[in-house]
Amino acid sequence: MLVSLHWFVFLLNLPVAAWNMYRVWKVPMGNMGVFDPTEIHNRGQLKSHMKESMIKLGFHLLCFFIYLYSMILALIND
């Protein structure tokens, strides 16, 4: 995105990319990953993980329609 000078799209995706990097770095040693099934059910974190997943789903749907609009606009202008 930076190479092709799409600054708005880059700035839109920067917070989510930073959050994902933070979540990966925060995983304790020995866990299978960010969403370790045994840890989610043992500590009762399922509700918070579902909330985070729904927020990300909404963000990705918003981005999809922004990208679709940008693609259609680029096709029309050419």
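Note that the numbering runs from 1 along the sequence shown for the chain.
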remark   = Residues Phe8 and Ile66: closest non-hydrogen pair is CE2-CG2, 4.3 Å
task = Kindly give the cluster partners of Tyr69, where membership spreads through any ILVMFWY side chain lying under 4.5 Å from a current member.
result = Leu73
inquiry  = Return the OH to CG distance between Tyr67 and Leu62, rounded to the nearest 0.5 Å.
reply    = 9.0 Å
message = Other members of the hydrophobic cluster containing Phe64, with the 4.5 Å side-chain heavy-atom rule, please.
response = Phe65, Leu68, Met71, Ile72, Leu75, Ile76
query = Which pair of heavy atoms, one from Leu12 and one from Phe59, lies closest together, and at what distance?
reply = O-CZ, 3.5 Å
ask   = Mind checking whether Tyr22 and Trp19 have parallel, tilted or perpendicular rings, split at 30° and 60°?
value = tilted
